Amino acid sequence: MDDLSLQKVAISGPTLASMLQRFSSSFGDVDGLLFGHVTHITPTLSDDFPQSHTDSDSPQLVATVTSFLCPGSPLSFYDSLGRVDSTTLLRLLSSQSPRHFLGWFSGRRKTPLRPSMREFSVSRSLSFNSQFSFPIKNSENLKNLRPCIFLLLATPLQDQFIHTHEYRAYQFRVSTQSFDPKAIDIINIGPAFRGHYESFSPNSPFPMLNCELSSLSAMNEDRDEESLSGMKQVSNDQSDLDMCAEGFLVSNLSRLMGPEASNYSSGMETLYEKMLAKIDSLAKQVEKSNAKVLEQENHNRKLRYKVARAE
């Protein structure tokens, strides 16, 4: 029986957010079906991290969840003992492609983040059902997989001021009859997730924008002094912006449109990461200054109290 090990489980940010919203808006526990695909990743060689080549000969499989189906009530396709009802499950799968059926999810309130015996029984029944097997993308030698993904959603045991959710992904291993925890990748926009979106080109080009600084007008000779002061202020602002952007001039923004956009976007992403680091540094400085202000206020309060007692 096939028992291929998955490397990780990936899910898009909007899909996970929609799933959490469906869970939080329900009146009780929920469950549902997960859909997507499993892709075989071809190992790539790199001189930067030679230690990562130890498992390069083994197949690396990534399960990507692209959508889900939530009937809105628990025990939607199984009974209280965890026995799957194939007729009900096929009816739920009629609106989706069974070849994209990866597994299922369960949402519970104020419970520990670990699978229950009923959830174990449901996952075991799905893994042993051969009619729901599906092929692996980018692979012709590997066997088909059966629905083995289980995503568990839960809320904290204790009430908190900030509403939070907890989630964890598992793969049910037929060989060991147990759940194998898997890392979750949240697919968002960025250089690390370009492979999930493939390549595309815009349908209509953006208009060219004039990003150059305006020069002095010869028509305003009577306002030379005011214009010069204004230009000095603009020049100072431009210098501050260039210092923060580390060499990325405002005029270079025009390169984001046109044939150089794909090459220049990586540099802008690096700039964005540096800006986030600077914002984090400023936030830490503000936090330290707030602590010092609070300490000084407490000291002043003690002094006023001593003066009041002395009087």
Side-chain angles (χ1 to χ4, degrees), residues 1-6 8-11 15-16 18-36 38 63-96 98 100-134 144-159 163-184:
M1 181 175 294
D2 55 287
D3 192 21
L4 301 175
S5 176
L6 296 174
K8 60 183 177 181
V9 176
I11 182 172
T15 301
L16 180 60
S18 178
M19 190 181 303
L20 293 176
Q21 192 278 334
R22 186 64 181 270
F23 173 39
S24 61
S25 61
S26 63
F27 294 101
D29 298 343
V30 297
D31 58 32
L33 309 178
L34 299 175
F35 301 93
V38 176
T64 304
V65 178
T66 57
S67 61
F68 68 96
L69 176 63
C70 181
S73 61
L75 305 178
S76 56
F77 60 94
Y78 55 92
D79 57 15
S80 58
L81 298 179
R83 294 173 296 190
V84 175
D85 186 353
S86 299
T87 304
T88 305
L89 183 57
L90 288 174
R91 179 176 56 82
L92 294 175
L93 292 175
S94 60
S95 59
Q96 302 284 340
H100 299 287
F101 178 36
L102 297 182
W104 70 297
F105 71 92
S106 176
R108 300 189 256 108
R109 301 179 184 276
K110 295 185 178 182
T111 57
L113 197 64
R114 58 175 180 269
S116 63
M117 292 299 297
R118 179 192 297 170
E119 292 163 348
F120 171 84
S121 178
V122 174
S123 298
R124 183 177 183 274
S125 300
L126 292 176
S127 298
F128 276 93
N129 200 327
S130 59
Q131 64 177 327
F132 301 120
S133 61
F134 56 90
N144 292 349
L145 278 177
R146 297 176 185 178
C148 58
I149 302 299
F150 174 61
L151 183 61
L152 179 58
L153 310 175
T155 57
L157 296 176
Q158 303 294 333
D159 292 332
H163 186 74
T164 60
H165 289 88
E166 299 176 349
Y167 49 88
R168 184 172 297 172
Y170 298 90
Q171 178 190 8
F172 185 82
R173 302 298 299 273
V174 179
S175 59
T176 59
Q177 293 289 295
S178 62
F179 284 106
D180 187 10
K182 296 297 178 180
I184 300 181

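Note that the coordinates shown come from a computational prediction; the quantities given were computed from them, not determined experimentally. The first residue of the sequence shown is numbered 1, and numbering continues consecutively from there.
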A side-chain contact here means heavy atoms from C-beta on lying under 4.5 Å apart; do Trp104 and Tyr78 qualify?
yes
When rounded to the nearest 0.5 angstrom, what distance separates OG1 in Thr155 from CG in Leu20?
11.0 Å
Check the pair Val174 / Arg124 against side chain to side chain contact (heavy atoms under 4.5 Å, CB included), numbers first and verdict last.
CA-CA 8 Å; Val174 179; Arg124 183 177 183 274; over 6 Å; no
Taking His100 for the side chain and Gly36 for the main chain, is one N or O donor matched with an acceptor at less than 3.5 Å?
yes
Measuring only between side-chain heavy atoms, which start at C-beta, is Phe132 closer than 4.5 Å to Ser130?
no
Might you point out which heavy atoms bring Ser80 and Arg118 nearest each other, and give the distance in Å?
O-NE, 3.1 Å
So which atom in Ala154 and which in Leu113 form the shortest heavy-atom distance, rounded to 0.1 Å?
CB-CD1, 3.7 Å
What's the spacing between Cys70 SG and Leu33 CG if we round to 0.5 Å?
9.0 Å
Once rounded to the nearest 0.5 Å, what's the spacing between atom OG1 of Thr87 and atom CG of Leu92?
11.0 Å
Any side-chain heavy atom of Phe134 sitting closer than 4.5 Å to one from Leu102?
yes
Under 3.5 Å, side chain of Ser123 to main-chain N/O of Phe120, donor-acceptor pair present?
no
Non-hydrogen side-chain atoms of Leu93 and Leu69 separated by less than 4.5 Å
no
Can Val9 and Ile149 be said to form a side chain to side chain contact (heavy atoms under 4.5 Å, CB included), step by step?
CA-CA 8 Å; Val9 176; Ile149 302 299; 4.1 Å; yes
Just by distance, no angles: are the side chains of Arg109 and Ser26 close enough, under 3.5 Å, to form a donor-acceptor pair?
yes
If you look at every heavy atom in Pro115 and Arg108, which pair is closest and at what distance?
CA-NH2, 4.1 Å
How long is the gap from CZ on Phe35 to CZ on Phe101, to the nearest 0.5 Å?
6.5 Å
Ile184 side, atom CD1; Leu151 side, atom CG - distance, nearest 0.5 Å
5.5 Å
With a 4.5 Å heavy-atom cut-off, do Thr66 and Thr15 have their side chains touching?
no
Ion pair Lys182/Asp180, N-O distance below 4.0 Å
yes
Under a 3.5 Å distance rule, please check whether Gln171 uses its side chain to pair with a backbone N or O of Leu4 as donor and acceptor.
yes
Please check if the side chain of Asp31 supplies one atom and the backbone of Leu75 the other of a donor-acceptor pair under 3.5 Å.
yes
Closest heavy-atom pair, Pro147 versus Ser127, reported as atoms and distance to 0.1 Å, is O-OG, 3.5 Å
Of the non-hydrogen atoms in Ser133 and Arg146, which two are nearest, and what is the gap between them?
CB-CG, 4.0 Å
Quick one, Leu81 and Ser121 - any side-chain contact, counting heavy atoms below 4.5 Å?
no
Can you find a pair of side-chain heavy atoms, one from Gln21 and one from Ser18, that are under 4.5 Å apart?
no
What is the distance from atom OG of Ser67 to atom CG of Leu34, rounded to the nearest 0.5 Å?
8.5 Å
Would Ser86 and Asn129 satisfy side chain to side chain contact (heavy atoms under 4.5 Å, CB included), going step by step from the backbone distance to the final call?
CA-CA 9 Å; Ser86 299; Asn129 200 327; 3.8 Å; yes
Hey, are the side chains of Val122 and Val84 touching, using non-hydrogen atoms and a 4.5 Å cut-off?
yes
Phe172 ring center within less than 6.0 Å of Phe150 ring center:
no
Near Tyr167 OH, under 6.0 Å, is it more than 12 heavy atoms from other residues, nucleotides or ligands?
no
Tell me whether Arg173 contacts the main-chain N or O of Phe179 through its side chain, where contact means a donor paired with an acceptor under 3.5 Å.
no
Which heavy-atom pair separates Glu119 from Ser116 by the least distance, and what is that distance?
OE1-N, 2.9 Å
